[in-house]
J.: 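Take a look at the following structure, please.
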4 protein chains.
Amino acid sequence: MGKIKENQQKKRQQLFETAFDLFTSKGIHETTIQDIAKAAGVAKGTFYLYFKDKYDLIDKLRKKKTAKLFEEAINFSRTVQYDNFTEQLLIIIEYIIDEFSNNQDLLRFIYKNLSLGMGLQNIHIDTDKEQGENTTSSIYEIFEERVKQDGLELKDPRTTLFLVIELVGSTCYNAILFDIPLPIEEFKPSLNEAVRKLLNE
Amino acid sequence: MGKIKENQQKKRQQLFETAFDLFTSKGIHETTIQDIAKAAGVAKGTFYLYFKDKYDLIDKLRKKKTAKLFEEAINFSRTVQYDNFTEQLLIIIEYIIDEFSNNQDLLRFIYKNLSLGMGLQNIHIDTDKEQGENTTSSIYEIFEERVKQDGLELKDPRTTLFLVIELVGSTCYNAILFDIPLPIEEFKPSLNEAVRKLLNE
Amino acid sequence: MGKIKENQQKKRQQLFETAFDLFTSKGIHETTIQDIAKAAGVAKGTFYLYFKDKYDLIDKLRKKKTAKLFEEAINFSRTVQYDNFTEQLLIIIEYIIDEFSNNQDLLRFIYKNLSLGMGLQNIHIDTDKEQGENTTSSIYEIFEERVKQDGLELKDPRTTLFLVIELVGSTCYNAILFDIPLPIEEFKPSLNEAVRKLLNE
Amino acid sequence: MGKIKENQQKKRQQLFETAFDLFTSKGIHETTIQDIAKAAGVAKGTFYLYFKDKYDLIDKLRKKKTAKLFEEAINFSRTVQYDNFTEQLLIIIEYIIDEFSNNQDLLRFIYKNLSLGMGLQNIHIDTDKEQGENTTSSIYEIFEERVKQDGLELKDPRTTLFLVIELVGSTCYNAILFDIPLPIEEFKPSLNEAVRKLLNE
DNA sequence: GATGAATGAGGATTCATTCAT
DNA sequence: AATGAATGAATCCTCATTCAT
């Protein structure tokens, strides 16, 4: 019963992780289902019990990884002291940049076909404030609320968030992977300044 | 013989155009070398006389298309009256956005694996001012010069240009193709405002 | 428990019927054991409790269907007034042809690998005349007896019956499915005449 | 030029023959394209240059074999002395039966999905009578003409021919392969008699 | 008896690339 | 230079069958 369900979860997870390793080390195109199954220690046919095909897996994997990254970044920002929302946002951005810098495979994988801003649509974060209620909010909702709290003057907070995220994602992709326009550490100050401008600071 | 050279150029061009049509209509992965050769009216083996493989062709094609787009946009901006460089930049941006809106296949193709900002590296535009000298400058050089002319206060013009282009490219990709965060026409004002902020206006 | 036996009978029957539907609608080759089990509402493994494999099921199914058809045809002929055996035979033939015409899937299924005449070997019909005795006779036996009753002059009645059945089955297969040599209704008079000739009428 | 065309013909023929051998020895279902290619001494991919898939090959092969058989039978009958058309027909039938008897694989192969009578549609035989003209006629046309020559009284010669062929093909299939209703040699007299009846002799 | 997750052999098909002409 | 027949590695995916629960 629960045993089987549990086992399946483990197997699915196994496939996810193995696939990610292979995708990032050999490339998506160069990784075959055969490779994944073998490395995950299951039979080829078993793969098809869990995913329609390779692209189904990739899709789900990308969503998983993007959500996890943002969740971690937001959770991290909560552990840090900050003056206002703009500061918190810069902390989040820094966290993501560092994560990508240390894990360039992840960056490469997430960015291949999907922009960061797009992935945001489906991401929901736990917001268990004071009480024990278990609520989740979309990143956009959290952002809007925080903007209000800080009294920032933004005509359309959602669009602004989108602009910021795309700017960050897109420029860091190049800075981290190719040192374009500059190595990421040298680039960060300019990026931070740009973000502040977009947020009217 | 110039005749032979010419003929080869025509054949290479034929392959480029045919490939682009197939890539945008059927998708890159779904287009085989056989398809390209057949549609271009040459034998399969002939393809290999001009390109190493499919990805060699894609690479060159992407560079060609990106360069052409920027060249057109800049040339267009020269035909228009504008007050200062920021205005010119916004005109260029608008041109590119319109071009992408009307030719979404092009957008999809250029953006698939490459960011706009990266493509800029290799783009050189003719700058034959008054005299007949035939000089070409990189987009970055042109930008720097114009910034100076307008007395804009930018610490690092190249980085700023990069930020602007990535912001535009990345957000428009989503706005045009998926109406995220808004349909492109509704999104434009926010984007323009963001660009002005980055340029300190 | 009779209950269990009964339940099993029901399940076996369910598998038979479901399989027939799938075979005739999708084709034998295109129907998988998975399909059959699913449509019958049992697990894949269960299938193997009732049949060795797909071809075991097909075999048994074909026999069942052929036997049922002949039984019905003969029973029908008993409800009709006829002058002599030739007439009765023609009535039976007509019944079968009509049945096949109205149920072409059945024809296709029975005829795929097996000829009608062959299937006759194993068919036994109840011949409970007046009394309550429960006897069964092969079709060949019934035929022989009737020939004797009518005083028909046939050197070898069994062979003649075989000839008639093959002639009918084989020609009607083509007439019904492909209008070869003629649509079945236009073809029938010729066929009837042929049968009469074979029976020395 | 001609060299290549010739080579291709040889290769196609090679595939046909190899496939037939495998089909008849191992069975159609059990023979893979891999098997055929290997046995024919060509690469797997080469198979697909000549045939769409296995069933395309089977179809063409079946037509080839059926046509060849009838052609041989008719040609043989021309070398033999006979009194009238009925006699000639019986000779042809005998030839085909013998051929099938000696080459049961051929019978099995031709009969699997196709009835003999159906295959007749597309068969054309050379009828270079006295003169050197090169005319071909369908079997049905030849039959009609001969019936006229002999003054046989048949309302519809084509239908009669069809009846005869189906009767022969269908019964012999069983007699030869399964001794049903009798071994073929013992069955022949009955069959001949039946054919005579159908032809009003 | 019933289940259905897991297996992995097996077959179809594609396609980049070579090379003799 | 141009051709296109031939190659065969590569990959996808199916499905009958088993077996632990």
J.: Apply side-chain hydrogen bond (donor to acceptor under 3.5 Å, both in side chains) to residues D:Q13 and D:E17 and explain how you reach the verdict.
T.: CA-CA 6 Å; D:Q13 192 52 34; D:E17 279 168 28; 3.0 Å; yes
J.: Tell me whether the guanidinium CZ or amine NZ of A:R12 lies under 6.0 angstrom from the six-membered ring centre of A:F51 and within 45° of its axis.
T.: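 That pair qualifies as a cation-pi contact.
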J.: Is the A:H29 ring parallel, tilted or perpendicular to the B:H29 ring (thresholds 30°, 60°)?
T.: perpendicular
J.: Rounded to whole angstrom units, what separation is found between the CD atom of B:Q14 and the P atom of F:dA2?
T.: 14 Å
J.: If a stem is a run of at least 3 consecutive Watson-Crick or G-U pairs, both distances under 3.5 Å, which stems include DNA chain F?
T.: E:2-21 with F:2-21
J.: When you check every protein heavy atom under 4.0 Å of nucleotides 12-18 of chain E, what one-letter string (B, S, -) results, 5' to 3'?
T.: SBBSSBB
J.: If you count the non-hydrogen atoms of other residues, nucleotides and ligands that lie under 6.0 Å from NZ in A:K38, is the total more than 12?
T.: no
J.: Are C:Y50 and E:dG1 close enough that a side-chain N or O sits under 4.0 Å from OP1 or OP2?
T.: no
J.: Is the number of heavy atoms from other residues, nucleotides or ligands within 6.0 Å of NZ (C:K68) greater than 12?
T.: no
J.: Please classify the nucleic acid contact of C:K11 as base, sugar-phosphate, or nothing, using heavy-atom distances under 4.0 Å.
T.: sugar-phosphate
J.: Is it the case that C:D35 and C:T32 place a side-chain donor and acceptor less than 3.5 Å from each other?
T.: yes
J.: Whole Å only: how far is the NZ atom of A:K38 from the P atom of F:dA10?
T.: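 The answer, rounded to whole Å, is 13 Å.
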J.: Rounding to a whole Å, what distance do you find between D:I36:CD1 and E:dG11:P?
T.: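 Atom CD1 in D:I36 sits about 12 Å away from atom P in E:dG11.
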J.: Tell me which of D:G41 and A:D35 sits closer to the 5' end of DNA chain F, going by the nucleotide each one is nearest to.
T.: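 Final value for this comparison: D:G41.
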J.: Figure out the CD/C1' separation between D:Q8 and F:dT3, and round it to whole Å.
T.: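 One finds 13 Å between C1' of F:dT3 and CD of D:Q8, rounded.
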J.: Rounded to whole angstrom units, what separation is found between the CG atom of C:D56 and the C1' atom of F:dA16?
T.: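 Interatomic distance, CG of C:D56 to C1' of F:dA16: 14 Å.
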J.: So, is the end of the A:K11 side chain (NZ or CZ) under 6.0 Å from the ring centre of A:Y50 and within 45° of the ring's axis?
T.: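 Relative to the ring axis of A:Y50, which defines the angle, A:K11 lies outside at least one limit.
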J.: Which whole-number value in Å describes the distance from D:L22 CG to E:dG11 C1'?
T.: 15 Å
J.: More than 12 heavy atoms of other residues, nucleotides or ligands under 6.0 Å from NZ of C:K52: yes or no?
T.: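 Check fails, neighbour count at 12 or below.
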J.: What's the closest nucleotide to the C:V42 side chain, out of E:dT3, F:dT3, E:dA5?
T.: E:dT3
J.: Give the rounded distance in Å between these two atoms: CZ of B:F47 and P of E:dC19.
T.: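 In whole Å, E:dC19 P lies 18 Å from B:F47 CZ.
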J.: Give the ring-plane orientation class for C:F20 versus C:F109, where under 30° counts as parallel, over 60° as perpendicular and anything between as tilted.
T.: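 The rings of C:F20 and C:F109 stand perpendicular, inter-plane angle above 60°.
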J.: What is the distance from NZ of A:K26 to C1' of F:dA10, rounded to the nearest Å?
T.: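 These atoms are roughly 12 Å apart.
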